[in-house]
Amino acid sequence: MSAGGTGTAPVLLERREGDTAIITLNRPTKGNALDHELISALEEFAARLQASVDDPPHAVVLMGAGDRAFSAGADIHNLVGLDEKSATDQMLRGQAVFGMLEDAPQVVIAAVNGVALGGGLELAMACDIRIAAPHARLGQPEITLGNLPGWGGTQRLPRLIGEGRALELILTGEPIGASEAHRLGLVNQVADDPVSAAIALAQRITAHSAFAVARAKKAVYAGMRDGIRAGLEIEAALVGECAVSPEQRAAVQAFFDRKKSTTTNKEPT
Ligand SMILES: CCCCCCCCCCCCC/C=C/C(=O)SCCNC(=O)CCNC(=O)[C@H](O)C(C)(C)COP(=O)(O)OP(=O)(O)OC[C@H]1O[C@@H](n2cnc3c(N)ncnc32)[C@H](O)[C@@H]1OP(=O)(O)O
């Protein structure tokens, strides 16, 4: 993964557990803040998810190094001295990288093992599913810096928790705890060990056809993006693609084989 400057540790680490790639944001002394280097490393990783590489992962778990931060957001040092165009360009770049994760054919699960603030929460919301540690705190503090969420927070947060609650978090800049985030639907689960819980959930998903998982993700996001009418058409078309896939043929055959074996094994009454 991307080396961190002159001989320092890589800013992004990757390891495998079966067919799940575990990706670690690796700037623990800086709250895993997202600077240009780490955004570029995320971009390079996300691009590999789309490429037809050998032995691709079938799921991704994203976590932060250490146990204090998933990510403390955009590196505030990068906020200094930006003119309007470069700030806008930086936002578009971060949005594009996060969008690559959302568009990945694999399920991407954020293991929120500490604070997820600002761009850190925006990154977690660009993942498909979020599992938080009990001590995690999640928020969009940009307003306290005289700014607003710039990497998708104003769009994904209302879709996840509703406009009113999203506006409360964005306009106060105040973080919420993991249990409140779970109550609101911002995170799917609260787990003492969010990384292990994320890997276990990933394995439940990778047990199914990767072809179908990719298309189910695509259908959900299409509807959220383009509206229900367009989403329904895309859903139907993607079902069509799965209907002729070898994976569906094998799964249906396995279903019938299982039925046959259970009926032949049944004790005569
Ligand atoms: C395309 C890539 C571009 C990169 C970025 C470009 C940006 C630009 C434009 C505009 C962006 C608008 C949208 C903004 C998005 C944001 O995310 S703004 C940042 C939001 N995040 C925060 O406000 C969190 C700030 N940090 C904290 O609240 C606390 O640090 C903490 C995370 C709660 C941890 O607290 P604590 O445990 O007490 O440790 P600290 O001593 O505070 O921090 C440890 C070290 O980490 C450094 N650090 C923490 N957060 C950041 C950060 N966001 N950026 C940079 N550095 C951070 C902190 O300075 C400490 O470092 P040292 O002082 O060197 O020890």
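Worth saying up front: this structure is predicted, and the values here are computed from it rather than measured.
Rounding to the nearest 0.5 Å places CZ of R156 at 11.0 Å from CD of Q140. Interatomic distance, E241 CD to R215 CZ, rounded to the nearest 0.5 Å: 5.0 Å. Put simply, CG on L184 and CG on L160 are 10.5 Å apart, with the number rounded to the nearest 0.5 Å. For the atom pair I23 CD1 and E14 CD, the distance stands at 4.0 Å (nearest 0.5 Å). From K217, atom NZ reaches atom CG of D103 across 7.5 Å, with rounding to the nearest 0.5 Å. Here Y221 contributes atom OH and D128 contributes atom CG; the two are 3.5 Å apart, rounded to the nearest 0.5 Å.
Checked by atom type and distance alone, the side chain of N113 pairs as donor or acceptor with a backbone atom of G66 at under 3.5 Å. R27 places no side-chain N or O within 3.5 Å of a backbone atom of V11 that could act as its donor or acceptor partner. Remark: the backbone N or O of L34 is not paired with any side-chain donor or acceptor of D75 at under 3.5 angstrom. Looking at Q95, its side chain does come within 3.5 Å of a backbone N or O of G150 through a donor-acceptor pair. Side-chain N or O atoms of H36 include none that pairs as donor or acceptor with a backbone N or O of N78 at under 3.5 Å. Formation of a donor-acceptor pair under 3.5 Å by the Q189 side chain with backbone atoms of I131 is not found in this model. The closest donor-acceptor contact from the side chain of H182 to the backbone of N188 lies under 3.5 Å. Remark: side-chain polar atoms of N26 are paired, donor with acceptor, to backbone N or O of P10 under 3.5 angstrom. Between the side chain of N32 and the backbone N or O of A69 there is at least one donor-acceptor pair closer than 3.5 Å.
Side-chain contact check for E43 versus R93: some heavy-atom pair is nearer than 4.5 Å. Considering only heavy atoms from C-beta on, L25 comes within 4.5 Å of L12 through its side chain. Within the 4.5 Å cutoff, the side chain of V112 has no heavy atoms near those of the L121 side chain. In this structure, L123 and F70 have side chains that are in contact, with non-hydrogen atoms separated by less than 4.5 Å. Side-chain contact between T206 and V213 is absent, with no heavy-atom pair separated by less than 4.5 Å. The closest side-chain heavy-atom distance from V107 to L201 is not below 4.5 Å.
We find that E102 and R225 are not joined by a salt bridge, their nearest charged nitrogen and carboxylate oxygen being 4.0 Å or further apart. For the pair E168 and R165, the salt-bridge criterion is not met [side-chain N within less than 4.0 Å of a carboxylate O].
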- CA sep, side-chain torsions, deciding dist, call: R229, E233, salt bridge (Lys or Arg N to Asp or Glu O under 4.0 Å): CA-CA 7 Å; R229 288 273 160 259; E233 284 183 29; over 6 Å; no
- Verdict with reasoning, H77 to K30, per side chain to side chain contact (heavy atoms under 4.5 Å, CB included): CA-CA 11 Å; H77 301 93; K30 299 297 178 188; 5.6 Å; no
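Donor-acceptor pairing under 3.5 Å is recorded for the side chains of D83 and S86.
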